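These figures come from a predicted structure and were not determined experimentally. Positions are given from 1 along the sequence. Only heavy atoms go into these numbers, but all of them, side chains included; no hydrogens, no water, no symmetry mates.
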Amino acid sequence: CALSQSGSVTPEKLQLSNVIAWIHERVNMPASKYNVTQLADMVEGVVFADSYTCADAIRSQMGQYFFDAGEFDAGAGYRINYVKRGGSASVTLTDADVVDGPDDWEREDSYERPRALHVAYQNPVADYGAPNITIKRTSPDVLVVGERSVAVPNVYSDVDEITRRADIMLTVVYTEIAGTYEVVLPIRWLELAPTDRIGFSIRGRTRRLRMTDWKFSPDGTIRTKWMSDRQSAYTSNVTGLPVVPTSPPPRSSARRRRLWA
């Protein structure tokens, strides 16, 4: 399967790692500057058009193939590392391990959650139109209102695959709804890097967090930001409804006039 100069992928499947590597090649970034070995998902097709930057193109894949990027040394030098979500937590921290952090976990049931997520994608059965996959949730415990919509530039012939990905997208929205937690770490936790997952225990309750930002502070500490994460959120076994093939166009009005005459 080859990538065209216009930014499209041929219908035969190839690994997501090839897609991300090709995007880097478009801006003349050598392979030594990034690591895509974890991106083993198979991609059927994708089209990048209009005003996509290379960063935008990569972000468009993150939301449906569930990976993050962080610049750090993972043992092969400082470079961009693309890390799949859902891996095991590297460590569990408590209040005694941090300089400053949240006093307690906020009550999740105080947040609104979307009732439905609509995902538009390309399907060859529909002549590469943009059918929608809709995933819905109901809950007696939290306020479930409103809807969200997203469009992905990828081709999916397998309706079950895009349905499962849409289901995971909505589950991730529910997981991350509480927002970002800021934690100040002592220098001994220098090995933790963006994309790392940890368990963080406060007052007997442990929550899984995923690092989204990291920077040194003038006082010698490390200021980090974390997002709520859940390992089970990245799996789904739902199935989708078959896509209805497109109908052929009607005959021209001139042809109809001849028949009626």
Would you kindly confirm whether [X] and [Y] end up in one hydrophobic cluster when ILVMFWY residues are joined by side chain heavy atoms under 4.5 Å apart?
| X | Y | answer |
| --- | --- | --- |
| Phe67 | Val83 | no |
| Tyr234 | Val238 | no |
| Met42 | Leu16 | no |
| Leu241 | Ile168 | no |
| Leu39 | Leu14 | yes |

Could you tell me which non-hydrogen atom of [X] sits nearest to which non-hydrogen atom of [Y], and how far apart they are?
| X | Y | answer |
| --- | --- | --- |
| Ala193 | Met211 | C-SD, 3.3 Å |
| Ala233 | Thr175 | CB-OG1, 4.1 Å |
| Arg208 | Gly87 | NH2-O, 2.5 Å |
| Thr163 | Gly240 | OG1-CA, 3.3 Å |
| Asn123 | Pro131 | CB-CG, 3.9 Å |
| Met62 | Ala69 | CE-CB, 3.6 Å |

Flag side-chain contact, heavy atom, 4.5 Å: [X] against [Y]:
| X | Y | answer |
| --- | --- | --- |
| Tyr78 | Lys33 | no |
| Asp97 | Arg188 | yes |
| Trp214 | Leu185 | no |
| Arg26 | Trp22 | yes |
| Thr171 | Arg230 | yes |
| Arg85 | Asp68 | yes |
| Phe200 | Asp95 | yes |
| Ile133 | Val159 | yes |

Could you grab the distance from atom [atom1] of [X] to atom [atom2] of [Y], nearest 0.5 Å is fine?
| X | Y | atom1 | atom2 | result |
| --- | --- | --- | --- | --- |
| Leu209 | Met227 | CG | CE | 10.0 Å |
| Ile135 | Ile162 | CD1 | CD1 | 9.0 Å |
| Phe72 | Thr195 | CZ | OG1 | 4.0 Å |
| Gln231 | Ser88 | CD | OG | 5.0 Å |
| Ile80 | Glu71 | CD1 | CD | 4.5 Å |
| Ser236 | Glu161 | OG | CD | 11.5 Å |

When you compare the side chains of [X] and [Y], does any donor N or O come within less than 3.5 Å of an acceptor on the partner?
| X | Y | result |
| --- | --- | --- |
| Thr53 | Asp56 | yes |
| Tyr181 | Arg207 | yes |
| Asp219 | Ser217 | yes |
| Glu44 | Asn154 | no |

Looking at Lys13 and Asp158, does any basic side-chain N land under 4.0 Å from a carboxylate oxygen? no

Tell me whether Arg197 is salt-bridged to Asp229, with the criterion being a basic N under 4.0 Å from an acidic carboxylate O.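 No.
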
Other residues, nucleotides and ligands only: do more than 12 of their heavy atoms fall within 6.0 Å of CD1 on Ile187? yes

Is it the case that atom NZ in Lys84 sees more than 12 heavy atoms from other parts of the structure closer than 6.0 Å? yes

Step by step, work out the side-chain contact (heavy atoms from CB on, under 4.5 Å) result for Asp100 and Glu182. CA-CA 8 Å; Asp100 191 22; Glu182 297 187 5; over 6 Å; no

Apply side chain to side chain donor-acceptor pair (under 3.5 Å) to the pair Thr37 and Asn35, showing each step before the final yes or no. CA-CA 6 Å; Thr37 55; Asn35 175 21; 2.9 Å; yes

For residues 143-151, run the donor-acceptor check on the side chains, cut-off 3.5 Å, and write out each pair with its distance to 0.1 Å, sequence neighbours left out.
| from | atom 1 | to | atom 2 | distance (Å) |
| --- | --- | --- | --- | --- |
| Glu147 | OE1 | His118 | NE2 | 2.8 |
| Glu147 | OE2 | Arg115 | NH2 | 2.2 |

Determine, step by step, whether Gln64 and Tyr156 satisfy the side chain to side chain donor-acceptor pair (under 3.5 Å) criterion, reporting the C-alpha distance in whole Å, the side-chain angles of both residues, the deciding distance to 0.1 Å, and the verdict. CA-CA 12 Å; Gln64 56 186 310; Tyr156 292 95; 2.6 Å; yes

Other cluster members, Val99 - Ile/Leu/Val/Met/Phe/Trp/Tyr, side-chain contacts below 4.5 Å: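 Val99 clusters with Val184.
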
Do Val183 and Trp226 pass the side-chain contact (heavy atoms from CB on, under 4.5 Å) test, and can you show the C-alpha distance, the side-chain angles, and the key distance before you say yes or no? CA-CA 8 Å; Val183 180; Trp226 304 79; 3.7 Å; yes

Between Ile20 and Ile58, does a side-chain contact (heavy atoms from CB on, under 4.5 Å) hold up when you go through it step by step? CA-CA 7 Å; Ile20 304 304; Ile58 292 174; 4.3 Å; yes

Full working for side-chain contact (heavy atoms from CB on, under 4.5 Å) between Tyr65 and Val43: CA-CA 10 Å; Tyr65 291 104; Val43 179; 3.7 Å; yes

Could you tell me whether the side chain of Thr212 and the main chain of Lys225 form a donor-acceptor pair under 3.5 Å?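 Side chain of Thr212 to backbone of Lys225: a pair is present.
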
Evaluate the side chain to side chain donor-acceptor pair (under 3.5 Å) criterion for residues Tyr121 and Arg165: first the C-alpha distance (whole Å), next the side-chain angles of each, then the deciding distance (0.1 Å), finally the verdict. CA-CA 11 Å; Tyr121 69 104; Arg165 293 193 181 280; over 6 Å; no

Under the 6.0 Å and 45° cation-pi test, does Arg113 pair with Tyr174? yes

